[in-house]
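Comments concern the structure below.
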Amino acid sequence: MPTYDFTGRVAFVTGGSAGMGAATVRAFAEAGAAVAIVDLDGDTAQRHARQLNDAGHRALGIGCDVSDEQQLQNAVARTVQTFGGLDMAFNNAGIMLPPVDTAEESAEAFDTIVAVNLRGVWASMKHELAQMREQGSGAIVNCSSLGGLVGGSGRATYHATKHGVLGQTKSAALQYGPLGIRVNAVCPGTIDTPMVARMTAGGELDPEAALAAIPMGRLGRPEEIAAAVLWLASDAASYVTGVALPVDAGYTAQ
Ligand SMILES: NC(=O)c1ccc[n+]([C@@H]2O[C@H](COP(=O)([O-])OP(=O)(O)OC[C@H]3O[C@@H](n4cnc5c(N)ncnc54)[C@H](O)[C@@H]3O)[C@@H](O)[C@H]2O)c1
């Protein structure tokens, strides 16, 4: 993993208790940033924050449902109060429901996915950008998916939200570029996280077929997404904004 020096900077990671969010929290902390771990699972967020603080890092665990704008606004405010600003955000919290025939999906399922994956990124960007606009600097990375670039049978709503995240990313990048704030997205391939473990256990993902569809022949590691997020959030990517960066072992190159 390349090293960055984020000493004195503040990072905000939604969905930071597990999977690629947790890996990104660790990477930000190890690079010297103070990190807010923002997650529906507030107990785990607080436990991880304690462990990081005990190891000499600076972390804050916040229980928060990203689909609730007020909770998100409070989480941003607590982060700024505690650490004095907000420089980098990884808007990563997202959910997937089991695949469904598009002719039979319930409106409740549609609303549930949209509330977290699309409204959550909307609320996150809204309150992060308000703070970053005051500071005149900042970098946001939104978590889309390979599902933001291609379709997926039985997953129309999930893929719609991930395509939508790219629309949010590009539009905010255009508006905030002149203010010194960059907004990008990562599009992970199939990554070895609790989400994928649940899909495999539930019979939604056939591991052999999944591996056969990945040109590099293996699942990604959460740390490989963290590495892309840190690069996009860092000054090394100072001329990069509005991109949808696939980190998918070549899946969307096929
Ligand atoms: N794992 C993959 O293969 C893969 C591929 C492409 C994109 N993604 C996307 O990456 C992101 C992270 O995925 P993961 O695999 O690490 O997931 P995960 O399920 O392993 O972890 C997600 C974390 O988000 C939290 N979360 C869920 N709903 C929330 C809410 N409403 N508010 C706040 N926190 C919430 C969970 O508690 C959990 O800690 C998601 O947006 C997912 O759609 C995952």
Side-chain angles (χ1 to χ4, degrees), residues 1-4 11 13-31 88 90-99 113 117 121 139-167 169-170 182-234 236-237 239-254:
M1 168 90 81
T3 53
Y4 298 96
V13 179
T14 71
S17 289
M20 56 186 88
T24 305
V25 163
R26 267 194 309 279
F28 270 134
E30 281 163 12
M88 305 172 289
F90 182 33
N91 299 324
N92 156 77
I95 57 166
M96 184 184 262
L97 296 184
I113 299 175
N117 294 8
V121 171
I140 292 175
V141 182
N142 292 322
C143 192
S144 176
S145 167
L146 65 80
L149 300 168
V150 298
S153 177
R155 301 232 186 252
T157 301
Y158 179 82
H159 284 239
T161 60
K162 294 302 187 179
H163 276 70
V165 166
L166 297 185
T169 300
K170 291 174 189 175
R182 297 180 299 104
V183 187
N184 291 292
V186 283
C187 298
T190 308
I191 311 300
D192 190 5
T193 66
M195 176 187 277
V196 163
R198 284 192 301 272
M199 288 165 69
T200 308
E204 290 172 44
L205 187 89
D206 170 3
E208 254 177 55
L211 291 182
I214 300 170
M216 284 172 63
R218 65 170 177 86
L219 299 186
R221 297 187 302 273
E223 293 73 22
E224 292 177 307
I225 302 305
V229 174
L230 262 65
W231 175 67
L232 285 170
S234 77
Y239 204 54
V240 181
T241 198
V243 306
L245 179 67
V247 187
D248 66 357
Y251 186 96
T252 51
Q254 298 177 94

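Side chains of Val196 and Thr190 form a contact here, defined as non-hydrogen atoms less than 4.5 Å apart. Between Asn92 and Thr24, every side-chain heavy-atom pair lies at or beyond the 4.5 Å cut-off. Residues Leu166 and Cys187 are in side-chain contact: their nearest non-hydrogen atoms beyond the backbone lie under 4.5 Å apart.
Annotation for Glu208: atom CD does not count as buried by contact number, only 12 or fewer foreign heavy atoms lying within 6.0 Å.
Atom NZ in Lys162 sits 5.0 Å away from atom SG in Cys143 (nearest 0.5 Å). Of the inter-residue distances, the one linking Met195 atom CE with Met96 atom CE reads 6.0 Å to the nearest 0.5 angstrom. Thr169 OG1 to Leu245 CG: the interatomic distance, rounded to the nearest 0.5 Å, is 12.0 Å. Put simply, CZ on Arg218 and CG on Asp192 are 10.5 Å apart, with the number rounded to the nearest 0.5 Å. Taking CG from Asn142 and NZ from Lys170, the interatomic distance works out to 12.5 Å, rounded to the nearest 0.5 Å. From His159, atom NE2 reaches atom CG of Leu149 across 10.0 Å, with rounding to the nearest 0.5 Å.
Partner of Phe90 under the side chain to side chain contact (heavy atoms under 4.5 Å, CB included) criterion, out of Val25, Val186, Leu230: Val186 alone. Of the residues listed (Thr193, Ile191, Leu211), the one engaging Leu219 in a side chain to side chain contact (heavy atoms under 4.5 Å, CB included) is Leu211, and it is the only one.
Remark: the backbone N or O of Ala237 is paired with a side-chain donor or acceptor of Arg182 at under 3.5 angstrom. Judged by distance alone, with hydrogens and angles left aside, the side-chain atoms of Gln254 form a donor-acceptor pair with the main-chain N or O of Tyr251 at under 3.5 Å.
Considering every non-hydrogen atom in both Thr200 and Pro207, the closest pair reads CG2-CG, 3.6 Å. When every heavy atom of Ser144 is checked against every heavy atom of Ala185, the shortest pair comes out as CB-CB, 4.5 Å. Tyr158 and Ile113 get closest at one heavy-atom pair: CA-CG2, 4.1 Å. Looking at every heavy atom in both residues, Val247 comes nearest to Ala228 through CG2-CB, 3.7 Å. Shortest non-hydrogen contact noted between Asn117 and Val165 is O-CG2, 3.6 Å.
Remark: Thr252 pairs with Asp248 by the side chain to side chain donor-acceptor pair (under 3.5 Å) rule, at least two apart or across chains.
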